Amino acid sequence: MKANEIGQNPWTREQMTADVQEFAELYSKRPLQQNTGGMGAPHMFATWFIARRLAPEFIVESGIWRGQSTWLLEQACPDAEIHSIDLYLDKRIYISPRVHYHDSDFTEIDWTDIAGPRALVFFDDHQDAYNRLMQSYWFGFEHVIFEDNYPLGKAISTR
Ligand SMILES: C[S@@+](CC[C@H](N)C(=O)[O-])C[C@H]1O[C@@H](n2cnc3c(N)ncnc32)[C@H](O)[C@@H]1O
């Protein structure tokens, strides 16, 4: 596969639409009704759907903000060991007793024991995505989600 190819879609449109209603019910129970500066419903659905399908044993979340995405990952993978990172943990509103919180950068924690096919990394920390991908690869992570769109007019051309 060339670098600019997307590859096979692992899930069908039918599988995704079949889960929308369940997500809508979950979404109505979200801890933060307004999540300004964090994820909204469309990206939350995508993350929840992917995380549920992957069913990782370990999740590393980088970029907590007020905690909505932490809650979402917990809902998607209730049995996973979750490590959540933010340099400013005092901004959290939703705080889970079963999540391991860290206030060091992703690169300053040794993930080699949990990295691999059973782990998922979720980046919403507004850092350089290419560097984050290389750092994840170095640790041995295979599943990485990048949250956020490019700013308007800044999408990368693959040509
Ligand atoms: C967009 S917010 C995260 C929103 C959250 N994921 C949600 O959807 O509710 C970005 C967060 O990244 C944090 N951040 C900035 N630099 C970081 C770093 N190097 N590592 C981890 N988090 C970082 C910021 O403090 C901020 O809380």
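Everything numeric here is computed off the predicted structure, so don't read it as measured data. Counting convention: from 1, in listed order, for ligands and their atoms alike.
- Under 4.0 angstrom from ligand 1, there are no non-hydrogen atoms of R66.
- Listed by number with element, the atoms of ligand 1 under 4.0 Å from a non-hydrogen atom of G38 are 4 (C), 7 (C), 8 (O), 9 (O).
- Close contacts between ligand 1 and N35 involve ligand atoms 7 (C), 8 (O), 9 (O) [criterion: under 4.0 Å to a heavy atom].
- Per-residue contacts place M39 under 4.0 angstrom from the following atoms of ligand 1 (heavy atoms of the residue considered): 7 (C), 8 (O), 9 (O).
- A perpendicular orientation is assigned to the rings of F49 and W11, their planes being inclined by more than 60° (bins at 30° and 60°).
- No donor-acceptor distance shorter than 3.5 angstrom exists from the side chain of E14 to the backbone of T12, with no hydrogens or angles considered.
- Here's the thing with D86: one of its N/O atoms is less than 3.5 angstrom from an N/O atom of ligand 1.
- Taking hydrophobic clusters as Ile, Leu, Val, Met, Phe, Trp and Tyr residues chained together by side-chain heavy-atom distances below 4.5 Å, I114 shares a cluster with F123.
- The closest protein non-hydrogen atom to atom 10 (C) of ligand 1 is D124 O, 3.1 Å.
- Looking at W65, its side chain does come within 3.5 Å of a backbone N or O of T36 through a donor-acceptor pair.
- Among protein heavy atoms, atom 16 (N) of ligand 1 sits closest to Q127 NE2, 3.3 Å.
- Interface of S62 with ligand 1, defined as ligand atoms under 4.0 Å from a residue heavy atom, comprises 20 (N), 21 (C).
- Per-residue contacts place G37 under 4.0 angstrom from the following atoms of ligand 1 (heavy atoms of the residue considered): 1 (C), 2 (S), 4 (C).
- Under a 4.0 Å N-O distance rule, the pair R66/D86 does not qualify as a salt bridge.
- Taking the ring axis of F146 as reference, the NZ or CZ atom of R132 does not stay both within 45° of it and closer than 6.0 Å to the ring centre.
- With hydrophobic clusters built from ILVMFWY side chains whose heavy atoms lie under 4.5 angstrom apart, L32 does not share a cluster with M39.
- Linking Ile, Leu, Val, Met, Phe, Trp and Tyr whenever their side-chain heavy atoms come within less than 4.5 Å puts W71 and V99 in one cluster.
- Between F45 and W48, the ring-plane angle classifies as tilted under the 30° and 60° cut-offs.
- Residue H126 places a heavy atom less than 4.0 Å from ligand 1.
- On a distance-only criterion, S69 and ligand 1 share at least one N/O pair closer than 3.5 Å.
- Listed by atom number, the atoms of ligand 1 under 4.0 Å from Q68 heavy atoms are 9 (O).
- Each of the following atoms of ligand 1 lies closer than 4.0 Å to a heavy atom of Y88: 25 (O).
- Of the N or O atoms in E61, none lie within a sub-3.5 Å distance of an N or O in ligand 1.
- For the pair D148 and ligand 1, the shortest N or O to N or O distance does not fall below 3.5 Å.
- Using a 4.5 Å cut-off between side-chain heavy atoms of Ile, Leu, Val, Met, Phe, Trp and Tyr, with links allowed through other members, W111 and Y101 fall into different hydrophobic clusters.
- Contacts between R132 and ligand 1 below 4.0 angstrom, taking non-hydrogen atoms only, involve the side chain exclusively.
- Under the 4.5 Å side-chain contact rule for hydrophobic residues, L87 and V121 do not share a cluster.
- Counting only heavy atoms of the protein, atom 15 (C) of ligand 1 lies nearest to D125 O, 3.7 Å.
- Among protein heavy atoms, the minimum distance from atom 19 (N) of ligand 1 is reached at D105 OD1, 2.8 Å.
- Short contacts between ligand 1 and W65, defined as distances under 4.0 Å to a heavy atom of the residue, involve ligand atoms 2 (S), 3 (C), 4 (C), 5 (C), 27 (O).
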Self-check item: Check against side chain to side chain contact (heavy atoms under 4.5 Å, CB included), I109 and H83
Solution: CA-CA 11 Å; I109 299 165; H83 293 264; over 6 Å; no
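- Contacts with ligand 1 closer than 4.0 Å are made by no heavy atom of E147, backbone or side chain.
- With no hydrogens or angles considered, no side-chain donor-acceptor pair links S69 and E147 at under 3.5 Å.
- Residue G63 has at least one N or O atom closer than 3.5 Å to an N or O atom of ligand 1.
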